[in-house]
Structure formats: structure tokens, C-alpha cells
Student: 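Structure in C-alpha cells, see below.
Just so we're on the same page: letters track the sequence lines, and every chain starts at 1. Excluded from the calculations below are hydrogen atoms, water molecules and symmetry mates; all remaining heavy atoms, backbone and side chain alike, are included.
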Amino acid sequence: MILTNVGSVPGKKIVEHFGIVQGSTVRAKHLGRDMMAGLKNLVGGELKGYTELLQESRQEAMDRMAEQARQLGGNAVINIRFATSSVAQGAAELFAYGTAVRVE
Amino acid sequence: MLETIFRYPDLSLFLALMVIGYSCGTIAEKRHYKSIIKREQELVELMVVNAEGRFAEGAVRTSFLVNGSTVVSNDYFKRLLAILRNIFGGRVKVYESLIDRARREAILRMKEEARTRGAHMIVNLRLETSTIGRSANKKKSIGSIETLAYGTAVVMNRP
């Protein structure tokens, strides 16, 4: 599965379009991590627990999107965009969408 | 000295948090900027553009998506400064430097991923910022800030 965020797959020709595919996941972190983040809020800096959590979730959203593209018969997803929103206190939604295509 | 602390426990806790926040935050920020500048110089030959770019046929071997992200938050002292700023208005410098750091760090992580996977350049860079965490839905307070950088890494056929 080829994933790109440009309007084509560089160096390859698109032969078929399948339309929009998307994947999303809503995650919250467990209490221990949350407390650590609270402590870290005191001194500032990077919150590693959150970074890892969001990267894992984003990977999952991308996997779901790729799975959907595979079911449609595509072998690449182009023009991928990411979006993040907080739906509830302490939970974030990670969303990825793109266009499923088949390349040579 | 000890007597004063026991007489005003709230005030002394507040002062202690301010001092801890200020000293740790300032040291961490300086160290972070030093490391950012050093790594940016190391990775300067890996080109990043935010245009789509057109490639001649047969010039590209493969392409893949790369991304990097950071979640940062300010320290206790700087958050207080920002709240004070809310009263008078104007530039909130402490948050400017925080977001600048986070964004450059995210771009660096993306570039590091691209380099380990053997890419020659990154096209169509996109940057995104969002607030997450417990206080994200409250109006006044600013929670943790996430910055995300993503783009398409391209491996060329000839070096």
C-alpha cells in the first residue's frame, strides 16, 4: 500500500479512482499517564506519553484507512490529510482521510 | 523562615511552584533550542518543500508518507504570565516560543524518519496544530499543544 499526501503517486500512473476513504480513532490515556502529564505541566516541556499515544492512534487511523482502500480494490491512497479534535475531556479524535486509487 | 512557611502554607506553595516552574522551564527551553539548532544543521541537506513538485518519468523510485509530532506544554510560571497578558492584551511571547519549538521539533522528527528510510527529499509538507488534554475544552486555559508535520518522502532513482 502506497500512501502519499500529494495529488498523485510520484513516478507512477494512476489507472483507477475509488473515491474517499477514511479512518478514525478516539483515544484516552490511562490515569497513570494522565497524572504524569499533570506533573509535567508544572515544569513544562514535552509530554512524551501524549506524543506516543497520539502517534499510535494516528497509525491506527491510517491502518483503518488503508484497509478500507484495500477492500475497494485500490493499492494506494493519495492526498492524505490529518485532523485532530478533542471530543471530550481527556479524549482526542485522530482522523485521516484520502483518495483511494489503483496505480500501475 | 520556617515559621513564615507554616503561617502561610498556600502562599509558600504558590511561590515554590513559581520558582520550580521558572527555573526548570527556562533551563529546558535553552537546552531544547540548542539541540534543535544543532539537528537542523545536520539535516539541512534533506530538502523539504511545501509544493507538490513534478517529477520526470522514471526519476522516482518510490515514495511514502512520513510524519512527526510533538505534544508540549508550558511551565507554571509562564502560564501565569500568559494569564496576566490576557488582562492587558498584546503579544504573548512565552507561547510564541513554545509553539515555535514544538513545530520545529515536529519537522525535525519527520526529517529524521525520512532520512532513516533513505529518502532524498520531502514534498508537500503540511503543518497542523491542535490543543488536547484535560483543559482543551475549557475556554480560558490553554492545555497541551500538539503540532504535527507530515509530507511525502521521495526516493530518487539516481543519487
Student: For the atom pair CG (A:L54) and OG (B:S130), what is the distance rounded to the nearest 0.5 Å?
Tutor: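 Reported to 0.5 Å precision, the distance equals 7.5 Å.
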
Student: Shorter than 4.5 Å, heavy atoms on both sides: which option in B:G151, B:A28, B:A59, B:G25 has the most such pairs with chain A?
Tutor: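 Among B:G151, B:A28, B:A59, B:G25, the one with the most close pairs to chain A is B:G151.
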
Student: As an exercise, state the distance from OG1 of B:T152 to CD1 of A:I80, rounded to the nearest 0.5 Å.
Tutor: 7.5 Å

Student: Closest approach of A:M62 and B:L65, non-hydrogen atoms and distance?
Tutor: SD-CD2, 3.8 Å

Student: Between B:V60, B:N124, B:L148, B:N67, which residue shows the highest count of heavy-atom pairs closer than 4.5 Å to chain A?
Tutor: B:N124

Student: Treat each ILVMFWY residue as a node, draw an edge where side-chain heavy atoms are under 4.5 Å apart, and state whether B:V48 and B:F64 are in one component.
Tutor: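 Yes, B:V48 connects to B:F64 through the hydrophobic network.
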
Student: Once you round to the nearest 0.5 Å, how far does CD of B:E146 lie from CZ of A:R58?
Tutor: 4.5 Å

Student: Quick one: what part of A:I2 sits under 4.5 Å from any heavy atom of chain B, side chain, backbone, both or neither?
Tutor: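 For A:I2, the contact with chain B is made by the side chain alone.
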
Student: Please say yes or no: joined through hydrophobic side-chain contacts below 4.5 Å, possibly via intermediate residues, are B:L46 and B:L125 part of one cluster?
Tutor: yes

Student: Please give me the minimum heavy-atom distance between A:T51 and B:S69, naming the atom from each residue.
Tutor: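 Reported closest heavy-atom pair: CG2-O, 3.3 Å.
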
Student: What part of B:R101 gets closer than 4.5 Å to chain A, counting heavy atoms only: side chain, backbone, both or neither?
Tutor: side chain

Student: Heavy-atom pairs under 4.5 Å with chain A are the metric here; pick the option from B:A56, B:S23, B:G21, B:S63 that has the most.
Tutor: B:S63

Student: Between A:G45, A:S85, A:G7, A:G11, who has the most heavy-atom pairs with chain B when the cutoff is under 4.5 Å?
Tutor: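 Sorted descending by pairs with chain B, the first entry is A:G45.
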
Student: A:I78 and A:F18: same hydrophobic cluster, using ILVMFWY side-chain contacts below 4.5 Å?
Tutor: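 No, it is not one cluster - the side chains of A:I78 and A:F18 are not joined through contacts under 4.5 Å.
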
Student: Hey, mind stepping through A:L47 and B:V72 against side-chain contact (heavy atoms from CB on, under 4.5 Å) and telling me if it holds?
Tutor: CA-CA 6 Å; A:L47 311 173; B:V72 289; over 6 Å; no

Student: Quick check on A:R81 against chain B: is it the side chain, the backbone, both or neither that has a heavy atom closer than 4.5 Å?
Tutor: both

Student: Side chain from CB out, backbone as N, CA, C, O: work out which of these in A:K12 comes under 4.5 Å of a heavy atom of chain B, or both, or neither.
Tutor: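 For A:K12, the contact with chain B is made by the side chain alone.
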
Student: Does B:T70 offer a backbone N or O that forms a donor-acceptor pair with the side chain of A:E46 under 3.5 Å?
Tutor: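 No, because the side chain of A:E46 does not come within donor-acceptor range (under 3.5 Å) of the backbone of B:T70.
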
Student: When hydrophobic residues are tied together by side-chain contacts of less than 4.5 Å, even through go-betweens, does B:I99 share a cluster with B:F77?
Tutor: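 B:I99 clusters together with B:F77.
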
Student: Using the rule that two of Ile, Leu, Val, Met, Phe, Trp, Tyr join whenever any of their side-chain heavy atoms come within less than 4.5 Å, decide whether A:V6 and A:Y97 are in one cluster.
Tutor: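 A:V6 and A:Y97: separate clusters.
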
Student: Tell me whether the count of non-hydrogen atoms from other residues, nucleotides or ligands lying under 6.0 Å of CZ in B:F55 goes above 12.
Tutor: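 More than 12 heavy atoms, drawn from other residues, nucleotides or ligands, come within 6.0 Å of this atom.
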
Student: Please report the interatomic distance OH(B:Y150) to CG(A:N5), rounded to the nearest 0.5 Å.
Tutor: 6.5 Å

Student: Which region of B:R109, side chain (C-beta onward) or backbone (N, CA, C, O), has a non-hydrogen atom less than 4.5 Å from a non-hydrogen atom of chain A, or is it both or neither?
Tutor: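 Looking at B:R109, just its side chain touches chain A.
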
Student: Near B:Y33 OH, under 6.0 Å, is it more than 12 heavy atoms from other residues, nucleotides or ligands?
Tutor: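 Counting neighbours around OH of B:Y33, more than 12 heavy atoms of other residues, nucleotides or ligands fall under 6.0 Å, so yes.
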
